[in-house]
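To find a chain, count down the sequence lines: A is the first, B the second, and so on, and within it residues start at 1.
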Number of protein chains: 2
Amino acid sequence: MRNVVHREGAGAAGVDPQQLWLGAARTGRGRKPAFSREAITAAAVALADAEGLDAVTMRRVAAEVGAGVMSLYSYAPDKETLLELMVDHVSGELPTDGPLTGDWRADLKAIGHLQRALMLRHPWLPTALTARRTLGPHALAFLERALAALRPTRLDGAAKLEVFSQLTGFVAGHVGYEIAQSAAAEAPGRAAAEARYLAAVAADGHHPELAAALAAPGRPLTPEATFTRFLDRLIDGLDTG
Amino acid sequence: MRNVVHREGAGAAGVDPQQLWLGAARTGRGRKPAFSREAITAAAVALADAEGLDAVTMRRVAAEVGAGVMSLYSYAPDKETLLELMVDHVSGELPTDGPLTGDWRADLKAIGHLQRALMLRHPWLPTALTARRTLGPHALAFLERALAALRPTRLDGAAKLEVFSQLTGFVAGHVGYEIAQSAAAEAPGRAAAEARYLAAVAADGHHPELAAALAAPGRPLTPEATFTRFLDRLIDGLDTG
DNA sequence: ACCATTCTCGTACAGTGTACGGAAATAATG
DNA sequence: CATTATTTCCGTACACTGTACGAGAATGGT
């Protein structure tokens with residue numbers, strides 16, 4: 001047999017998470033691995049941090065690690081799985097052991113800010129999270145912490161899990177938007193073109209509200225402040241069940 | 001010159017939205033187009049609806065409309081642009097002319113539900129929206145309506161635009177999650193494997209909160225109800241400035 | 001010494017987006 | 001009407017992707 005880690009299931013897409021995360025340890029038999037899942041994942045993360053998710057190709061990662069391309073497949077059954085490994089790898093940067101205040105709303109907000117900071121450090125993360133995702137050990141440790149923060153509420157289990165999932169989704173969405181905005185700001189020609197386009201549309205007479213909105217700009221808000229405001233709204237609005 | 005619609009700007013990625021959406025009309029000169037942007041876009045949308053976004057390749061779309069592959073490039077400068085055309089195409093399904101109640105929160109909630117319904121009808125939409133996006137005419141018409149709904153508030157222009165953007169992002173995030181959930185439910189082996197994995201993790205003693213959450217399931221909530229709850233929280237929490 | 005096992009990786013293949021450039025069609029111009 | 005400019009059509013080709021296959025190398029158990 002060719003790859004202990006991932007004999008596939010009954011035709012379904014994706015990899016059995018149990019095999020992936022709790023896979024059997026080496027038997028000792030056979031050739032020794034020349035690389036490690038850790039090292040490969042770290043290289044892929046470094047690549048994504050430096051050049052974006054599109055730069056993460058099997059060939060690039062292999063070159064970075066000094067392996068042959070196909071050797072990667074001994075450590076991850078396919079590229080999608082490698083992405084999941086990357087996600088869990090950076091999830092390890094999230095602190096899971098500080099004290100909780102006991103004010104679950106405050107704790108949850110802190111958790112949201114931690115997630116945002118992580119995503120800003122790894123801008124490819126919101127995109128990678130969109131894909132199918134099984135929780136790896138680091139993500140599970142962080143989930144454990146979020147559940148602990150939610151302990152004071154009387155939400156049932158399913159509701160707690162859902163709150164965490166929604167929170168993560170919200171943060172990913174917001175940060176993804178933030179990143180797109182700042183990327184646009186760094187390409188001045190592009191941003192100017194977009195502004196010109198909107199101005200042209202507003203001037204056509206069929207979009208009075210847009211024209212009014214563009215005419216009354218207001219002071220520019222920092223993304224941080226906007227994030228905090230929306231996060232607070234979301235969490236303050238949660239029912240305690 | 002080869003393609004009037006999209007002479008590119010100063011090296012920046014993407015296409016000038018003004019050229020794309022307000023491009024000059026035909027001069028009359030030259031060979032007559034055998035297809036249309038509409039038809040091509042509609043074919044791409046049908047393909048995505050039926051077989052998912054991955055099925056939308058230039059070759060497949062071309063075959064579907066009966067064109068040669070490279071002919072598509074006379075109607076859209078690249079594939080990313082075709083995706084934007086698709087997004088705006090389905091955005092045309094959003095109603096923009098019903099009466100507003102005057103209760104801006106209610107109106108905004110209705111807008112959110114419309115967006116959700118659209119995304120459920122075109123499950124690839126949340127994914128496609130994640131990418132860079134310039135507002136096409138249909139999206140602009142809908143934005144116009146959202147701004148009208150926000151008229152009773154005293155938010156400044158930038159804040160209104162931001163609320164719309166955040167609302168769209170939130171809905172996309174939620175529906176994307178909804179779709180992933182239901183897709184997992186339809187692959188029973190996969191879902192069972194995931195449940196087994198979580199159970200195994202909960203049983204390891206290091207995740208007491210997770211174990212507790214899984215033990216106290218609560219009745220399953222419909223996605224619709226969950227969406228409504230989160231949407232209400234978000235909108236009820238908005239400051240009127 | 002043999003063998004089962006495990007890992008390494010060169011080669012190959014199907015599939016992708018799209019650059020290039022010739023052929024065909026059309027309208028304006030002489 | 002002939003010419004020419006313009007626009008569209010599309011076959012071919014290329015670089016690049018993920019990954020299936022399978023031969024060879026390394027290891028530990030017997």
Side-chain angles (χ1 to χ4, degrees), chain A residues 1-8 13-15 19 23-40 44 47-48 51-86 131, chain B residues 1-8 13-15 19 23-40 44 47-48 51-86 131:
Chain A
M1 168 129 341
R2 203 150 271 277
N3 212 326
V4 200
V5 173
H6 61 279
R7 52 202 105 209
E8 67 269 57
V15 175
Q19 283 294 335
R26 277 184 50 79
T27 65
R29 192 100 136 212
R31 185 175 179 168
K32 273 187 192 151
F35 315 100
S36 74
R37 182 179 278 185
E38 260 294 296
I40 290 169
L47 209 45
E51 305 183 34
L53 206 52
D54 287 345
V56 179
T57 70
M58 298 305 267
R59 279 166 242 260
R60 275 301 299 277
V61 173
E64 219 72 33
V65 173
V69 192
M70 292 312 291
S71 297
L72 299 188
Y73 288 87
S74 298
Y75 299 88
D78 53 33
K79 195 192 176 182
E80 198 188 335
T81 302
L82 178 57
L83 285 183
E84 297 203 12
L85 292 175
M86 290 170 64
Chain B
M1 169 127 342
R2 205 152 269 277
N3 212 328
V4 201
V5 173
H6 61 277
R7 54 202 103 211
E8 68 268 56
V15 175
Q19 284 294 336
R26 277 184 52 78
T27 66
R29 193 104 133 207
R31 184 174 180 167
K32 273 185 193 152
F35 314 101
S36 74
R37 182 178 279 187
E38 262 292 298
I40 290 169
L47 209 46
E51 305 183 33
L53 207 52
D54 287 346
V56 180
T57 69
M58 299 305 266
R59 280 165 240 261
R60 275 299 299 276
V61 174
E64 218 73 31
V65 289
V69 192
M70 293 312 291
S71 298
L72 299 188
Y73 289 87
S74 298
Y75 299 89
D78 52 32
K79 195 192 176 181
E80 197 187 337
T81 303
L82 178 57
L83 285 183
E84 296 203 12
L85 292 175
M86 290 171 64

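For the pair B:R37 CZ and D:dT8 C1', the computed distance is 14 Å after rounding to whole Å. The CD1 atom of A:I40 sits 10 Å away from the P atom of C:dC9 (whole-angstrom rounding). Between the CG atom of A:L72 and the P atom of D:dT17 there is a distance of 13 Å, rounded to whole Å. Rounding to whole angstrom units, CZ of residue A:R31 and C1' of D:dA23 are separated by 12 Å. Between B:K32 atom NZ and D:dT7 atom P there is a gap of 15 Å when expressed in whole angstrom units. At whole-Å resolution of the value, OH in B:Y75 and P in C:dT18 are 18 Å apart. The CZ atom of A:F35 sits 8 Å away from the C1' atom of C:dT8 (whole-angstrom rounding). Distance CE (A:M70) to C1' (C:dC13): 12 Å, rounded to an integer number of Å.
Taking every heavy atom of residues 61-69 of chain B and every atom of DNA chain D, pairs under 4.0 Å involve B:A67, B:G68, by number.
Remark: A:I40 engages A:F35, A:V61, A:V65, A:L72, A:Y75, A:L82 in a side chain to side chain contact (heavy atoms under 4.5 Å, CB included) (not counting sequence neighbours). For B:S71, there are no side-chain hydrogen bond (donor to acceptor under 3.5 Å, both in side chains) partners, not counting sequence neighbours.
Atom CD of residue B:Q19 and atom OG1 of residue B:T81 lie 12.0 Å apart, to the nearest 0.5 angstrom.
Applying the 4.0 Å criterion to OP1 and OP2 of D:dT8, one finds that B:R26 has a side-chain N or O inside that range.
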Less than 3.5 Å apart, which donor and acceptor atoms pair up between the side chains of residues 23-30 of chain A and the rest of the protein, not counting sequence neighbours?
| residue | atom | partner | partner atom | Å |
| --- | --- | --- | --- | --- |
| A:R26 | NH2 | A:R29 | O | 3.3 |
| A:T27 | OG1 | A:R29 | N | 3.2 |

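Within the structure, the side chain to side chain donor-acceptor pair (under 3.5 Å) test picks out the following pairs touching residues 51-63 of chain B (sequence neighbours left out): B:E51-B:R60. For the salt bridge (charged side-chain N to carboxylate O under 4.0 Å, His left out) condition, no pair includes a residue of residues 67-77 of chain B, sequence neighbours left out.
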Please write out the pairs of protein N or O atoms and N or O atoms of nucleotides 28-30 of chain C separated by less than 3.5 Å, giving the distance to one decimal.
| residue | atom | partner | partner atom | Å |
| --- | --- | --- | --- | --- |
| C:dA28 | O4' | B:R29 | NH1 | 3.1 |

Under 3.5 Å between N/O atoms: give me all the protein pairs with nucleotides 15-17 of chain C, atom names plus distance.
| residue | atom | partner | partner atom | Å |
| --- | --- | --- | --- | --- |
| C:dG17 | OP1 | B:K79 | NZ | 2.8 |
| C:dG17 | OP2 | B:M58 | N | 3.1 |
| C:dG17 | N7 | B:R59 | NH2 | 2.5 |
| C:dG17 | O6 | B:R59 | NH2 | 3.0 |

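Between A:A34 and A:G30, the residue whose closest nucleotide on DNA chain C is further toward the 5' end is A:G30.
Side-chain contact check for A:E84 versus A:V15: every heavy-atom pair is 4.5 Å or farther apart.
Between A:V56 and A:A44, the shortest heavy-atom distance links the atoms CG2-O, 3.7 Å.
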Under the side chain to side chain contact (heavy atoms under 4.5 Å, CB included) rule, what do B:M86 and B:L83 come out as? Steps first, then yes or no, please.
-> CA-CA 5 Å; B:M86 290 171 64; B:L83 285 183; 3.7 Å; yes

